[in-house]
Every structure is written in structure tokens, then in C-alpha cells.
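Here the structure comes first, spelled out in C-alpha cells, and everything after it is commentary.
Just so it is clear, the model here is predicted, and its values are computed rather than measured. Below, chain A is the first sequence line, B the second, and so on; all start at residue 1.
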2 protein chains.
Amino acid sequence: MLSQMEAFLERVEQCNTLGELNQVVAGLRDVFQVNHVVYHSVNSDGEPYALATYDADWAEHYEKEELYRIDPVVLSAFQRFNPYSWKSLSWEKKPARRFFLEAMDGGVGNQGVSVPIRGPHGEFSLFSLSHTCSDEEWSKFLSHWMSDLLLIGHYLHSAVRVLENMDEITEYVSLSPRETDALRLLGAGMNRGRAAEFLKISEHTLRVYIESARFKLGAANTTHAVAKAMAQGLISI
Amino acid sequence: MLSQMEAFLERVEQCNTLGELNQVVAGLRDVFQVNHVVYHSVNSDGEPYALATYDADWAEHYEKEELYRIDPVVLSAFQRFNPYSWKSLSWEKKPARRFFLEAMDGGVGNQGVSVPIRGPHGEFSLFSLSHTCSDEEWSKFLSHWMSDLLLIGHYLHSAVRVLENMDEITEYVSLSPRETDALRLLGAGMNRGRAAEFLKISEHTLRVYIESARFKLGAANTTHAVAKAMAQGLISI
DNA sequence: TGAACACTAGCCGTTTATGGCGAGGTCACC
DNA sequence: GGTGACCTCGCCATAAACGGCTAGTGTTCA
């Protein structure tokens with residue numbers, strides 16, 4: 001099994017188009033013996049898109065009705081770190097329950113697992129499997145494949161990054177230490193007075209840093225500068 | 001080897017204190033046969049901290065001189081998705097070269113690899129190994145252990161999340177569509193007037209969105225709200 | 001059916017940020 | 001030995017953000 005997974009990861013790395021990647025993702029259905037496989041990516045500027053084996057009817061319905069607004073799998077995704085079984089989500093509320101029934105109708109299955117993946121520039125992906133089986137079977141499946149799911153999610157995301165030219169390390173701009181300090185503290189919620197106090201410099205001096213950082217980043221104001229610096233990985237809060 | 005890794009991952013999951021985790025991390029030195037192992041975590045509000053096997057002298061020197069400001073490993077970390085060899089970084093500039101020599105002196109080694117890990121609330125971790133060997137040996141080492149490094153990084157981060165009670169699914173902060181719009185536009189550099197115009201609502205109404213978003217996010221001001229929303233993946237610019 | 005929440009809107013006063021003017025120091029690098 | 005990048009400080013005026021007040025609609029849900 002291990003070698004099968006290694007071979008798969010290599011295949012992912014060698015994909016040159018999203019179409020090929022789609023084929024490879026679809027091929028996972030046979031590897032895992034599950035109903036469906038989905039890789040859904042949200043990169044920072046572009047449109048979100050999905051590589052999925054779902055029936056066209058269900059996919060269209062999902063899209064048209066904007067079901068991601070009520071889909072518990074999607075709604076909780078941003079809060080999760082580890083892969084999570086869909087059974088662990090809250091399906092009590094009415095829209096969620098209706099969604100579940102519709103998804104069953106759409107051939108998704110009664111079980112599922114999703115792997116959240118986060119990239120450097122706010123990119124976010126969700127790699128999911130869905131199936132029809134009992135809770136025990138699914139739980140067994142998950143504990144067996146957990147690590148592989150993590151790795152596949154990572155490699156898929158990496159492949160997409162390469163295809164979208166997002167893997168280039170662009171040396172955007174470099175901020176001086178003080179500029180970094182200033183933006184970090186402002187991003188952390190301090191006003192200029194507090195930040196200056198924290199850095200033990202005059203408020204005016206702080207302003208100089210903010211403005212030079214703004215200039216370097218081509219930002220219109222402080223908020224913009226902080227947002228750009230975060231997006232470029234220059235600061236983190 | 002596989003079973004050894006599985007056993008290790010289980011040990012990580014069973015740690016009840018950071019001290020135990022530190023022991024386990026240190027134990028990786030024997031598994032991988034490398035000079036040093038480091039797990040460095042930056043969670044959004046709290047203090048950053050490290051579990052490292054470095055000599056106290058070097059750790060102290062690093063801390064005192066704020067070497068993370070010039071450490072290429074750290075500086076490029078936020079832009080990376082895949083594990084990266086330290087050799088792939090740019091060491092041309094003078095401060096970086098001096099840092100490299102000092103690190104060698106500090107017993108770090110001439111080779112290294114770092115695995116970036118991102119969590120749901122803007123948390124960021126770096127799991128690194130460092131060693132002394134030739135480029136070819138290190139390259140071989142990396143291609144052999146790559147997947148395991150990814151998994152270990154993930155499990156370490158997960159363990160820290162559990163120990164810090166960060167794994168609880170807090171009644172998720174969800175922003176309304178309008179709140180999201182507001183923060184996104186402000187993060188993109190518009191002032192309130194422009195953003196309101198763009199959304200075709202009154203400036204006051206926009207303010208209501210900003211303030212409710214601020215309240216939800218526990219942010220002190222607009223800049224803070226945008227930064228937090230970005231860190232949590234709620235918006236992207 | 002009432003509570004909770006999203007969306008919409010205005011006014012007033014205070015605080016904070018920004019834009020523009022100035023100055024002087026260290027340090028590295030060519 | 002100059003050039004540029006970085007760090008430090010002050011004053012003045014305007015623009016913008018913030019805090020607090022009130023008030024209506026519509027939807028959703030218990």
C-alpha cells in the first residue's frame with residue numbers, strides 16, 4: 001500500500017494541467033474504494049474551483065443554490081486543523097439537515113472526511129472523500145488512511161500552486177526591522193500612541209516607519225499596508 | 001521504519017505537557033540521526049516559543065541579538081508551502097552570510113530543512129532539522145524523509161493546539177456577507193467613503209458592518225479587524 | 001409571537017490618522 | 001568620501017475614524 005501511495009504522489013507532481021490532475025484525483029476513487037473524491041481550492045484572488053467526481057446534477061444544484069453557505073463541511077472548514085469526519089459536524093439545524101438529505105439524494109453518501117490545507121497567501125483547500133457505509137466502517141477507514149489523506153491533500157495543493165505559478169518566491173519588498181515592528185503592532189490592534197510607547201520611540205518616529213512602509217508597499221493607508229504586508233508574509237499577527 | 005514513525009506520532013498525541021513534548025521532539029534526533037531538531041510555534045496572540053535541542057549558548061545569542069530578523073530560514077518561511085532545504089535560500093547578502101557562520105559556530109550545522117505549518121487562526125509553526133553533511137547526503141536524506149517530516153510537523157502542531165486548548169471549535173466567528181465585503185474593501189486600501197460608494201450603501205451603514213465585524217473578531221480598530229480576518233482566512237486581498 | 005440578527009440610515013462630538021514642513025545622527029557599501 | 005538606507009525627533013493643519021445616540025425593515029427560528 002505504501003508504494004501505491006508514493007507512486008500516486010509522484011503522479012500528482014508530474015501533472016502539467018488541471019485536466020490531468022482531475023484525472024488523477026478521480027483515480028483515487030479506485031484506490032480508496034469510495035463514492036467520491038473532491039479537491040476544492042480557494043486561492044486568494046482567483047475564483048474558487050473544484051476537481052470533483054460528483055454527479056453533474058448535484059454539482060450544478062450545489063453551485064446554483066449556493067449551498068456552500070449552509071454546508072457544514074465548508075462552514076467549519078476554516079476552524080479545523082486536522083482532517084475531520086463529516087459525522088463530527090453539527091447537523092441539527094434545519095438547513096443543514098435538509099442539505100444532508102439533498103446530498104444523499106445527490107449520491108454523495110452518508111459518510112465523509114475533509115482535510116483542510118492552508119497555503120502562504122491565504123489560500124485554502126479542502127480535500128474530501130465521501131462514501132456510503134456504517135459509522136464503524138468509516139471510523140476504521142479513517143484511522144487507517146489518516147496520514148495518507150494528509151499527504152495527498154498537501155501534494156494536491158502543492159501541484160495546484162505549481163500549475164497556477166503561485167510557488168514562485170517573489171522578493172516583493174523588504175521592510176526594515178522597525179517598519180516590520182510598526183506594522184505588526186498596528187496589525188495587532190495598537191494605535192500609534194501605544195505602538196510608539198511599546199517600541200519606546202516617539203509617536204512621530206513611528207509615523208515615519210508607517211509611512212515608509214506604506215510607500216514601499218504601495219499602500220493607500222495603514223490598514224492597506226498591514227493587509228499587504230500580511231498577504232506577502234512580511235508580518236504575522 | 002514506518003512502524004517507528006507511527007509509534008512516534010502516537011507518542012506525540014499522548015503528550016500531556018509541553019515538557020513531555022519537548023522530550024519527544026528531542027528524541028527525534030536519534031531517529032533521524034541529525035544534529036538538532038526544532039519546533040517553533042507562533043500563535044496569533046500568545047508568545048512564540050520553541051522546543052529545540054540547540055545549545056543554550058546559541059539559543060541565547062539568537063534570542064538576544066534578535067537574529068530572526070536576518071535569519072533567511074525565518075524570513076522566507078511565511079512564503080513557503082513545501083518543506084524547504086536551507087541550501088535553497090539566498091545567503092549572498094552580508095548579514096545572512098555572517099548569520100550562517102555564527103550558526104555553524106553555534107553547532108547548528110551546515111544543512112537544514114524546515115517544514116512550515118499553518119493553523120486555522122493564523123497560527124504558524126516551523127518544524128526544522130539541522131545537520132552537518134554534504135549536499136548530496138542531505139538531498140538524499142530529504143527525499144527519503146519528506147513525507148514523514150510533513151506528518152511530524154502536522155502532528156506536533158496538532159499536539160500543541162491540544163495543549164493550548166486551541167483545538168476547541170469556538171462558536172465559529174462567521175462574518176456576514178456585508179461584513180466580509182466591508183473588511184475586504186478596507187483591506188484593499190479604500191477608505192470608508194469609497195468603500196460605501198463601491199457597495200452602494202451609505203457610509204454610516206458601512207460603519208455598522210465594520211463595527212459589528214470588529215465586535216465579532218474582538219478587534220480594537222479597523223486595521224486590527226482586517227488583520228484578524230485575514231489571519232483567519234475570512235477575507236483575502 | 002417575540003427574540004435575534006442582518007441590512008439600511010442619520011447626527012454630533014471626540015479622538016486618531018494623515019500630509020507636509022523641518023532637522024540630525026549612524027552605518028554600510030562602492 | 002559620497003550615496004543611500006536606516007533610525008530618531010518636532011510642529012501644524014486637515015482628513016478620517018471612532019463612540020454613542022436613535023430608528024426602521026425583513027428574515028429566521030425557537
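Following rounding to the nearest Å, B/Lys93 (NZ) and D/dA5 (P) show an atom-to-atom distance of 12 Å. Per the geometry, CD1 belonging to A/Ile201 stands 14 Å off C1' belonging to D/dG10, to the nearest Å. Per the geometry, CD1 belonging to A/Ile70 stands 18 Å off P belonging to D/dT27, to the nearest Å. At whole-Å resolution of the value, CZ in A/Arg98 and C1' in D/dT28 are 13 Å apart. Spacing between atom CG of B/Leu206 and atom P of C/dG10 amounts to 13 Å, rounded to whole angstrom units. We find that NZ of A/Lys200 is positioned 12 Å from P of D/dC9, with the value rounded to whole Å. For A/Phe215 and D/dC6, the CZ to P distance is 12 Å, given to the nearest whole Å.
Nearest heavy-atom pair, B/Gly109 versus B/Asn35, reported as atom, atom and distance to 0.1 Å: CA-ND2, 3.8 Å. Nearest heavy-atom pair across A/His121 and A/Ala231 is ND1-O, 2.7 Å. Residues B/Val37 and B/Thr53 share a closest heavy-atom pair of N-OG1, 3.0 Å.
Among the protein residues, A/Thr205 comes within range of the nucleic acid bases, having at least one heavy atom under 4.0 Å from a base atom.
Shown here is B/Tyr68, whose OH atom has more than 12 heavy atoms of other residues, nucleotides or ligands within 6.0 Å. Other residues, nucleotides and ligands place no more than 12 heavy atoms under 6.0 Å from the CD atom of B/Glu60.
Contact check for B/Trp86 versus B/Ser114: side-chain heavy atoms found under the 4.5 Å cut-off.
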Sequence-aligned protein contact record of nucleotides 14-20 of chain D, with B where the base is within under 4.0 Å of a protein heavy atom and S where only the sugar-phosphate is: --SBBBB
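Judged purely by distance below 3.5 Å, without hydrogens or angles, the side chains of A/Glu179 and A/Ser212 pair a donor atom with an acceptor atom.
For B/Ser202, whose side chain is taken as the heavy atoms from C-beta onward, the closest listed nucleotide among D/dC6, C/dC7, C/dG10 is C/dG10.
Phosphate proximity of C/dC5 to B/Ser176: absent, as no side-chain N or O sits under 4.0 Å from OP1 or OP2. Between A/Arg178 and the phosphate of D/dT8, there is a side-chain N or O to OP1/OP2 separation shorter than 4.0 Å.
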Verdict with supporting geometry, A/Glu102 and A/Arg98, salt bridge (Lys or Arg N to Asp or Glu O under 4.0 Å): CA-CA 6 Å; A/Glu102 287 181 12; A/Arg98 205 192 57 199; 3.5 Å; yes
Stepwise ring pair (Phe, Tyr, Trp, His ring centres under 6.0 Å) test for A/His154 and B/Phe81: CA-CA 9 Å; A/His154 184 94; B/Phe81 177 67; 4.2 Å; yes
List, with names and distances, any nitrogen or oxygen atoms from the protein found under 3.5 Å away from nitrogen or oxygen atoms belonging to nucleotides 27-30 of chain C.
none

